Amino acid sequence: MTIQSTAAGLAALALLASSGAASAQDLAALEEAAKAEGMLTTIALPHDWCNYGGVIEGFKAKYPEIKVNELNPDAGSADELEAIRANKDNKGPQAPDVIDVGLSFGPQAKDEGLIQPYKVATWDSIPEDAKDAEGYWYGDYYGVMAFGVNSDLIDTVPKSWKDLTKPDYANAFALAGDPRASAQAIISVMAAGIANGGEAGEASGQKGMELMAEVNKAGNFVPVIGKSATIAQGATPIVTAWDYNLLSWRDGLNGNPPVEVVIPEDGVVAGVYVQAISAYAPHPNAAKLWMEYLYSDEGQLAWLKGYCHPIRFNDLVKNGKVPQELLDALPPAEAYEKAIFPTLEQQEANKKVVTEGWDSVVGAAVKE
C-alpha cells in the first residue's frame, strides 16, 4: 500500500522510475507520456464499489485523451492476478495495467513478480503500515464488514454473526464472493471466526468456517455470490460485505426494497484494499498517472463519496480537505469503535486456512 512519483528519467514513452516526491515537471512529463499511450486497462472495478464509477469518470474528465478499458468488473482478487499471469506476453486489451486487490494479495503479487514499484507524489501521507516500503503495493481505502438486510423480507435484523444460525434466517444469508478466491468473502469468514472465539489468523479461519458450516447446516446459507440485485430480488435477503458496498447498494435501490446496513456487535473487522501496477502493463505511464490521480486529494475524496475511508483520510481531515457533508454521510463513528485491523500476517494465515479448507469444512460451492 504505497506509491509516490519521482521521475528519474523520461525518454519518449519510457517508464518513469520513482524514488521520491514527484515534481510538477515530472507530472507534466508523465501526463504527456500517458496521453501518447492513449489507453488505461483496469480490471475488477464495479461502478457501485466505493464510487468507482465516479472515480473513473473523474479520471476520464481530467484526461479525455486516455481511453479507460474496463475488464470484468465483478472479478475477485485472485482473478486479477490470474489476468496478469495469463497476459504476460499480451500487449492487447485483455492485459490489465493496474489492479485493486485485498491486502493479502499485494505481497503475493510482489513475490511472484507480477507487479512493479512506483511511488506517488503523496507517498509520505500514506500510513507506513499500509504500504510496501519499496512501493510495489499500497493501501487505497478501507471499510468494515457489515450486514446488508432486505427489511421487507427480514423482520428482525441480525445483530451478530452467531445470529445467522437462527431459524429466522432460512435460505437468507450469502457471502459477497467465493471464499476460495474473493478477499471480501475471506475477510467475512475471518470476522465470523473472531465472533466465534478465534484469534485473528489461523484460528479465525477455522472458527469462521465452523460457524459458516453451522449456518449451512441450519439451511440458512445460500451458495451464490450476494450483490445488490440478489438482495433486492429476495434471493439473498442478508449479505455480508464491506460497509461501503452495502451503503452504496442501499442508496442505489432507493428504498425499493428498503435495505438496513448493520455493523455487527461482534467480529467487527476492518480491511484495506491495495493498488498496484502490473509488471507487464501495456500502458505503464497511464498506469502511473492513474495512481497519481487516485492518491491525489480529488481521487481520495471521490472514494469517500462512496462511503469508503480513503487511506489518506486522517491527513485530509487534518488539513481541512474533507467537506462536512461527506463526514455527515458516514455511519456513526461509535459503530466502528470495536473494529479490528488484522495484520498482514494474520490475514495471510486466515486466507490460507479458508481457501484450503472451505470445501471440506463448509462444503458449499459459492457461484454466480
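No experiment lies behind these values; they were computed from the predicted model shown.
The distance from the OG atom of S125 to the CG atom of L316 is 7.5 Å, given to the nearest 0.5 Å. Put simply, CG on D74 and CH2 on W49 are 10.0 Å apart, with the number rounded to the nearest 0.5 Å. Note that CD of E199 is 9.0 Å distant from OG of S204, once rounded to the nearest 0.5 Å. Rounding to the nearest 0.5 angstrom, the gap separating the CD1 atom in I238 from the CD atom in E260 is 11.0 Å. How far CD of E292 is from NZ of K62: 10.0 Å, rounded to the nearest 0.5 Å. In this structure, the separation between CG on L103 and CG on L344 is 4.5 Å, given to the nearest 0.5 Å.
Under the 4.5 Å side-chain heavy-atom criterion for ILVMFWY residues, no single connected hydrophobic cluster contains both V224 and L246. In the hydrophobic clustering of this structure, I231 does not group with V222; members are Ile, Leu, Val, Met, Phe, Trp, Tyr whose side-chain heavy atoms approach within less than 4.5 Å, directly or through other members. Residue V68 is grouped with residue M291 when hydrophobic side chains (ILVMFWY) are merged at heavy-atom distances under 4.5 angstrom, including chains of intermediate members. Under the 4.5 Å side-chain heavy-atom criterion for grouping Ile, Leu, Val, Met, Phe, Trp and Tyr, V361 is connected to V354 within one hydrophobic cluster. Linking ILVMFWY side-chain heavy atoms closer than 4.5 Å, directly or via other members, places I56 and Y244 in a single hydrophobic cluster.
Not a single donor-acceptor pair under 3.5 Å links the side chain of D359 to the backbone N or O of G363. Put simply, the side chain of E70 never gets that close to the backbone of T41: no donor and acceptor are under 3.5 Å apart. Side-chain atoms of N319 never come within 3.5 Å of backbone atoms of K321 as a donor-acceptor pair (strictly under, hydrogens ignored). Between the Q300 side chain and the L294 main chain, a donor and an acceptor come within less than 3.5 Å of each other. Under a 3.5 Å cut-off, the side chain of Q184 and the backbone N or O of W242 do form a donor-acceptor pair. Judged purely by atom type and a 3.5 angstrom limit, N51 uses its side chain to pair as donor or acceptor with the backbone of A302. No donor-acceptor distance shorter than 3.5 angstrom exists from the side chain of E80 to the backbone of I99, with no hydrogens or angles considered. Side-chain N or O atoms of S77 include one that pairs as donor or acceptor with a backbone N or O of G102 at under 3.5 Å. One N or O on the side chain of S160 and one on the backbone of D163 form a donor-acceptor pair closer than 3.5 Å. With W358 contributing its side chain and A364 its backbone, the two residues share a donor-acceptor pair below 3.5 Å.
Within a 6.0 Å sphere centred on CG of D89, other residues, nucleotides and ligands contribute 12 heavy atoms or fewer. With a 6.0 Å radius and a threshold of 12 heavy atoms from other residues, nucleotides or ligands, D111 has its CG atom above the threshold. The neighbour count for K67 NZ, taken as heavy atoms of other residues, nucleotides or ligands under 6.0 Å away, does not exceed 12. Heavy atoms from other residues, nucleotides or ligands lying under 6.0 Å from NZ of K318 number 12 at most.
A side-chain donor from one of Q108 and K351 sits under 3.5 Å from a side-chain acceptor of the other. Checked by atom type, the side-chain pair N216/N220 shows no donor-acceptor distance below 3.5 Å. A side-chain donor-acceptor contact under 3.5 Å links Y307 and D251. Between the side chains of T355 and R180, no donor N or O sits under 3.5 Å from an acceptor N or O. A donor atom on one side chain and an acceptor atom on the other are not found under 3.5 Å apart for S248 and N245. Using modelled atom types, one finds no donor on one side chain facing an acceptor on the other under 3.5 Å when comparing E57 with H47. Of the N and O atoms on the side chains of E298 and Y293, at least one donor lies less than 3.5 Å from an acceptor on the other residue. Side chains of Q94 and N90: a donor-acceptor N/O pair is absent below 3.5 angstrom, by distance only.
Summarising the geometry of N150 relative to A232, their closest heavy-atom pair is ND2-O, 4.0 Å, with the distance given to 0.1 Å. The nearest pair of heavy atoms linking P46 to A44 is CD-O, 3.3 Å. The two atoms that bring A287 and I277 nearest to each other are CB-CG2, 3.7 Å, heavy atoms only. Counting all heavy atoms, side chain and backbone alike, R312 lies closest to S296 at NH1-C, 3.6 Å. Between L304 and P310, the closest heavy-atom pair is CD1-CD, 3.7 Å. Here the closest non-hydrogen pair linking G143 and D243 is CA-OD1, 3.4 Å.
Between D168 and K166 there is no salt bridge, since no side-chain N of the basic residue sits under 4.0 Å from a carboxylate O of the acidic one. Of the charged side-chain nitrogens involved, at least one lies within less than 4.0 Å of a carboxylate oxygen, so that K110 and E134 count as a salt-bridged pair. No salt bridge links K159 with D266; every basic N to acidic carboxylate O contact stays at or beyond 4.0 Å. Note on E265 versus K338: no salt bridge recorded, every NZ/NE/NH1/NH2 to OD/OE distance being 4.0 Å or above. The pair K60-E65 does not count as a salt bridge, with every side-chain nitrogen at least 4.0 angstrom from each carboxylate oxygen. Of the charged side-chain nitrogens involved, none lies within less than 4.0 Å of a carboxylate oxygen, so that E348 and K352 do not count as a salt-bridged pair.
Scanning for side-chain hydrogen bond (donor to acceptor under 3.5 Å, both in side chains) contacts around H309 gives an empty result, with sequence neighbours left out. The ring pair (Phe, Tyr, Trp, His ring centres under 6.0 Å) check on Y63 picks up F59, with sequence neighbours excluded.
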For this session: Run the numbers on I66 and E37 for side-chain contact (heavy atoms from CB on, under 4.5 Å), then give the verdict.
Result: CA-CA 8 Å; I66 302 172; E37 289 173 346; over 6 Å; no
For this session: Determine, stepwise, if the pair E112 / R85 fulfils salt bridge (charged side-chain N to carboxylate O under 4.0 Å, His left out).
Result: CA-CA 10 Å; E112 203 177 323; R85 295 187 198 102; 2.5 Å; yes
Exercise. Between W137 and I115, is a side-chain contact (heavy atoms from CB on, under 4.5 Å) present by the stated rule, with each step listed?
Worked result: CA-CA 8 Å; W137 51 263; I115 54 179; 4.2 Å; yes
Exercise. Between I311 and V272, is a side-chain contact (heavy atoms from CB on, under 4.5 Å) present by the stated rule, with each step listed?
Worked result: CA-CA 8 Å; I311 203 66; V272 179; 4.2 Å; yes
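When side chains are defined from C-beta on, I84 counts as touching P96, because their heavy atoms get closer than 4.5 Å. In this structure, the side chains of K227 and V239 stay at 4.5 Å or more apart for every pair of heavy atoms. Counting only heavy atoms from C-beta outward, the side chains of F221 and L164 never approach each other to under 4.5 Å. Side chains of P342 and N350 form no contact here, defined as non-hydrogen atoms less than 4.5 Å apart. Side-chain contact between P158 and V149 is present, with heavy atoms from C-beta onward closer than 4.5 Å. Between E31 and N285, every side-chain heavy-atom pair lies at or beyond the 4.5 Å cut-off. Side-chain contact between D152 and P258 is present, with at least one heavy-atom pair separated by less than 4.5 Å. Proximity of P323 to L301: side-chain heavy atoms (C-beta onward) are separated by under 4.5 Å at one or more points.
When the options F105, Y141, Y142, W303 are evaluated for a ring-ring contact (aromatic ring centres under 6.0 Å, His included) with Y273, the one that passes is Y141.
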